[in-house]
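One structure below.
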Amino acid sequence: MCIPTPLGPLWLEVSPLGVRRLEPALYPRGPEAEGALALRVREAVQAYFAGERPDFLDLPLDYTGLSPARLRLYERVRLVPYGRTVSYGALGRELGLSPRAVGAALRACPFFLLVPAHRVIHADGRLGGFRGRRG
DNA sequence: GCAGTATTGTATA
DNA sequence: TATACAATACTGC
């Protein structure tokens with residue numbers, strides 16, 4: 001399932017448990033998402049870009065295959081309030097990880113938008129090395 | 001195991 | 001402001 005957004009098309013994959021991954025459709029591979037859940041996710045994403053929805057907390061995510069550290073991190077980042085930001089260090093201290101581990105886990109995050117990594121920043125308040133900046 | 005990493009804090013110029 | 005270095009935990013091969 002491809003979801004058109006102002007940032008370009010997003011590639012969506014779902015499983016019976018929930019969203020398996022949602023990324024910019026740069027390298028589309030794997031089976032296309034189908035069913036009610038896929039449609040629901042598409043509407044949610046479009047509602048997000050329409051300003052009607054700040055988060056995707058009601059959408060089920062499939063964490064199967066992810067390590068506990070990543071699972072906890074994603075769950076925690078999803079709870080970041082709208083309009084607020086958290087630093088890598090703060091997340092690391094809360095989860096008992098190192099700031100670098102937070103960055104590494106966030107870099108491998110397959111849930112673009114669903115896990116608002118753009119709200120995770122440096123301790124100084126600067127934007128982190130988000131993928132959307134370059135390349 | 002080893003190298004890479006979306007960090008942080010301290011030191012130095 | 002910019003660079004250099006050490007500590008730290010997880011991902012990916």
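In what follows, chains carry the letters A, B, and so on, assigned in the order in which the sequence lines appear, proteins first and then strands, with residues in each chain numbered from 1. Any value given below was found using the heavy atoms of this structure, including those in side chains, with hydrogens, waters and symmetry copies removed. Note that the structure is a prediction, hence the values are computed from the model and not measured.
Heavy-atom distances to DNA chain B give each of A101(A) and I121(A) a nearest nucleotide, and the one nearer the 5′ end belongs to A101(A).
Using a distance-only test at 3.5 Å, with no hydrogens or angles considered, a donor-acceptor pair links the side chain of R119(A) to the main chain of V80(A). Listed for the R78(A) side chain is no donor-acceptor partner under 3.5 Å among the backbone atoms of L114(A). Of the possible donor and acceptor atoms, one in the side chain of D62(A) sits under 3.5 Å from a partner among the backbone N and O of T64(A).
A straight line from OH of Y88(A) to P of dT7(B) spans 6 Å, rounded to a whole angstrom. Taking atom CG of residue L95(A) and atom P of nucleotide dT7(B), one finds them 16 Å apart after rounding to whole Å. Residue R100(A) contributes atom CZ, which lies 9 Å from atom P of dA6(B) at whole-angstrom precision. Whole-Å rounding puts the E94(A) CD to dT7(B) P distance at 18 Å.
Screening residues 67-105 of chain A for ring pair (Phe, Tyr, Trp, His ring centres under 6.0 Å) gives no qualifying pairs among residues at least two apart or on separate chains.
Backbone-only engagement by A123(A) is indicated by non-hydrogen atom pairs under 4.0 Å involving sugar-phosphate atoms exclusively. L97(A) comes within contact range of the sugar-phosphate backbone alone, with a heavy-atom separation under 4.0 Å but no base atom that close.
Between L113(A) and F49(A) the shortest side-chain heavy-atom distance falls below 4.5 Å. Contact check for V77(A) versus V86(A): no side-chain heavy atoms found under the 4.5 Å cut-off. Annotation: side chain of V45(A) is in contact with side chain of L22(A) (closest heavy-atom distance under 4.5 Å). R76(A) has its side chain out of reach of V102(A): every pair of non-hydrogen atoms, C-beta onward, lies at least 4.5 Å apart. Side-chain contact check for P60(A) versus R40(A): some heavy-atom pair is nearer than 4.5 Å.
Remark: H122(A) is in phosphate contact with dT8(B), judged by side-chain N or O atoms under 4.0 Å from OP1 or OP2.
Remark: DNA chain C forms stems of 3 or more consecutive Watson-Crick or G-U wobble pairs, all pair distances under 3.5 Å, at B:1-5 with C:9-13, B:7-13 with C:1-7.
Extent of DNA chain C lying under 4.0 Å from chain A heavy atoms, first and last nucleotide in 5' to 3' order, is dA7(C) to dG12(C).
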